There are 2 protein chains.
Amino acid sequence: MVLLPTSVALAAVIIAVTDEVPRVLLVRPSADQDTEADALPSGEFDPAEHSSLDRGVRGWVKVHTGLSVRYVEQLYTFGNRYRDAAELHGGPRLLTVAYLVLSPEHVVTSGEQAVWRDWYSYLPWEDWREGRPAVIDEVIQPGLERWVKSSADAALRATREERVGLCFGCGKGAKRDPVLALERYELLYEAGLVAEALRDRVLRERAEGRTPAPIDDMERSQAARLGTGLMRDDRRILAAALARLRGKLAYRPVVFELLPADFTLFQLQRVVEALVGARLHKQNFRRMLMQAGIVEATGQTQATGRGRPAELYRFRREATRVRAVVGIGLPTTRAVD
Amino acid sequence: MVLLPTSVALAAVIIAVTDEVPRVLLVRPSADQDTEADALPSGEFDPAEHSSLDRGVRGWVKVHTGLSVRYVEQLYTFGNRYRDAAELHGGPRLLTVAYLVLSPEHVVTSGEQAVWRDWYSYLPWEDWREGRPAVIDEVIQPGLERWVKSSADAALRATREERVGLCFGCGKGAKRDPVLALERYELLYEAGLVAEALRDRVLRERAEGRTPAPIDDMERSQAARLGTGLMRDDRRILAAALARLRGKLAYRPVVFELLPADFTLFQLQRVVEALVGARLHKQNFRRMLMQAGIVEATGQTQATGRGRPAELYRFRREATRVRAVVGIGLPTTRAVD
DNA sequence: AGAATTATGCTCGTGTAGAGCATAACGTGC
DNA sequence: GCACGTTATGCTCTACACGAGCATAATTCT
């Protein structure tokens, strides 16, 4: 029996969409912590109690929120050195298995210091519903340009330029790909634009016994415009969850895990738009749903106050049999050259 | 510092394609083991030596094969109870972080008992290049029908029927989806058709203190037709790797990690066919490559002995900038109602 | 009643992909 | 040298998915 100085944690990105806002559940750190940032709900994996990782996640989610969630999907396992600052002082290596958890909207938070937050307050460049976010032109583009220019050699410069183009490209024929959310966060981290990158730079230099270069005002104000930081690499995990969820929308009917049993097609569209971070064409969205056959009318209608009442629909679970690929197509705005 | 009775292993699914055969690298168990099945190369994660999980995998791959691999991608983390039979006798809980590793074809195995195996000898129902595999009609379909019929209640029966239809469905409008490889394996496991399911049934019953129901001859011969079993749940990991690789082909240019620098378009096609397990339309495949702009001609040609010599091409790395989505489209044979 | 608002139905144009015919460039056997 | 098989490459026809927008239906508000 081998005992490794490794601690295994389970972290959950719990998602719900209410009022067209995609929310993630975070916990506030206890008052006696010296860190201030919020964190994803997590807990240690206990092999004695948890017969599987999934069940471990469900257990911890129940502790944090009181919820018995249905949809749980493993995201990624993180194990980089110095993810946890405690490691610098001889703490064990922290391995985190991150999970994506989807919850219908009518969620009530019970338990401790848990709060629902708009996930775009942590990834503001991902929300294009009101058009191209101003933060891209004002902070990200210039910041990334400096980063590209500061490359040591031509090869590195080319690689960086390519990555920037792929992630934030707005040239001819370039379409924004909502699924690249993780790549975008990692780019901003490497370029030293987000708050965690600055924090970790200091930690790393301290670990190497050097005097940390101070964080200057421009860096700090830039980072502030790029949203709030989270504990450890929780924001990276959040970005990974967003990317996975967006990708999955296109080929699996996962949206319905976030909706009540009965819904109007427009409600469904609003939820998808919130997740994808882009507006969709109403009529085409309806057409796609109908010809995929993944929803069926209940016969009832729902009045919203004004305008024609919308028909209520429900998810057809049997639909998965008909077509292997069922899902919500992501928008690919035709190049407007 | 918390010490958990948990052992963290890194396992690698190392893939190469030679002579139109997709191969996976396996290690033979040492002679003093009581188990006979081959296993994926793996090793314990050592936080003292490995600064990240990726680097740990590279390290172990080097030990097992002598290779310095380029493409490494995390697949999934497995942590179910009783994955490792040693756990029954008080051994630690085994957590395995599985990785997909791609290697160009000209690989020479050095080191220990490592052998390249055709991965379809473990998943014979996944290779449709010579048409629908006979094993599906002869073993799988009847076996799954029995499983569906043996359901306790109508609801379970409906769920099972749906899963069978999705995974192996050949009804109207149903297309075979190469990406569902993992779902197919898991279905066969749950239905008790593959060898590991029989093995684990005995283990589970023994763990619960019951007298294990014997494995009858029909079960044994069925399982034998469904390919060779591997150690632990390594075959599930292999299925997961296959599914991930097939899925990734469609939106990322990963095939080129398995090819030499220069190749003919037909060689490229053969590799993709080997991975997807299906034949492709030659002309359409070429057209797709050209209009995606992911390859460029070198100007040289290669004679195969007979027939017109083919032009040599190389991968255009810059191509990723042009279109966010670059990859090899998977075939979707049009419904032949 | 009429305007505003929301839901729903339908069409048009374009791009993509499945399928197959036609031609080009090489070997082999006579 | 010539017919033939074989492989590579170019092109067309067609069905379908999807972006975009017009038109109509069913409500509420004034």
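Since the structure is predicted, the reported quantities are computational estimates derived from the model, not experimental observations. Chain letters run A, B, ... following the sequence lines, proteins first and then strands; every chain starts at 1.
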Carefully, step by step, assess A/Asp118 and A/Arg23 under the rule salt bridge (Lys or Arg N to Asp or Glu O under 4.0 Å). CA-CA 4 Å; A/Asp118 180 352; A/Arg23 298 176 204 273; over 6 Å; no

Quick one: which of D/dT28, D/dT9, C/dT8 gets closest to the side chain of B/Ala310? D/dT9

Who pairs with A/Glu138 by salt bridge (Lys or Arg N to Asp or Glu O under 4.0 Å), at least two apart in sequence or on another chain? A/Arg225

In whole Å, I'd like the distance from the CD atom of A/Gln269 to the P atom of C/dT6. 13 Å

Would you kindly give the CZ-to-C1' distance between B/Arg287 and C/dG20, to the nearest whole Å? 11 Å

With a 4.0 Å cut-off, would you call B/Glu183 and B/Arg163 a salt bridge? no

Rounded to the Å, how far apart are B/Gln302 CD and C/dC26 P? 14 Å

If you only use heavy atoms from C-beta on, which nucleotide in D/dG19, C/dA17, D/dT27 is closest to the side chain of A/Pro309? D/dT27

Of the options C/dC26, C/dG20, C/dC12, whose atoms approach the side-chain atoms of B/His281 most closely? C/dG20

In plain terms, say whether B/Arg317 and A/Glu162 are close enough for a salt bridge, that is, a side-chain N and a carboxylate O under 4.0 Å apart. no

Counting side-chain heavy atoms from C-beta on, which of C/dG20, C/dC26, D/dT28 comes nearest to A/Arg306? D/dT28

Can a side chain N or O of A/Arg286 be found less than 4.0 Å away from OP1 or OP2 on C/dT8? yes

Rounding to an integer number of Å, can you tell me how far B/Leu265 CG sits from D/dG10 C1'? 13 Å

Carboxylate-amine/guanidinium contact A/Arg129 A/Glu20, below 4.0 Å: no

Atom CE of B/Met290 and atom C1' of C/dT16: how far apart are they, to the nearest Å? 17 Å

Base, sugar-phosphate alone, or nothing: which one does B/Arg308 contact when heavy atoms must sit under 4.0 Å apart? base

Would you indicate what A/Glu311 reaches in the nucleic acid, counting non-hydrogen atoms under 4.0 angstrom: base, sugar-phosphate, or nothing? sugar-phosphate

Consider the side chain of A/Gln283, meaning its heavy atoms from C-beta on, and name the nucleotide among D/dA20, C/dC10, D/dC11 that approaches it most closely. C/dC10

Assert: residue with more 5' nearest nucleotide on DNA chain D, out of B/Gly307 and B/Tyr313, is B/Gly307

Look at A/Lys282 and C/dT8 and indicate whether a side-chain polar atom (N or O) is within less than 4.0 Å of OP1 or OP2. no

On the nucleotide C/dA17, are OP1 or OP2 found under 4.0 Å from the side-chain N or O atoms that B/Gln291 carries? yes

Atom CZ of A/Arg279 and atom C1' of D/dA20: how far apart are they, to the nearest Å? 17 Å

A/Asn284 CG - C/dC12 P separation (whole Å): 15 Å

Please report the distance, rounded to the nearest Å, between CZ in A/Phe266 and P in C/dT5. 14 Å

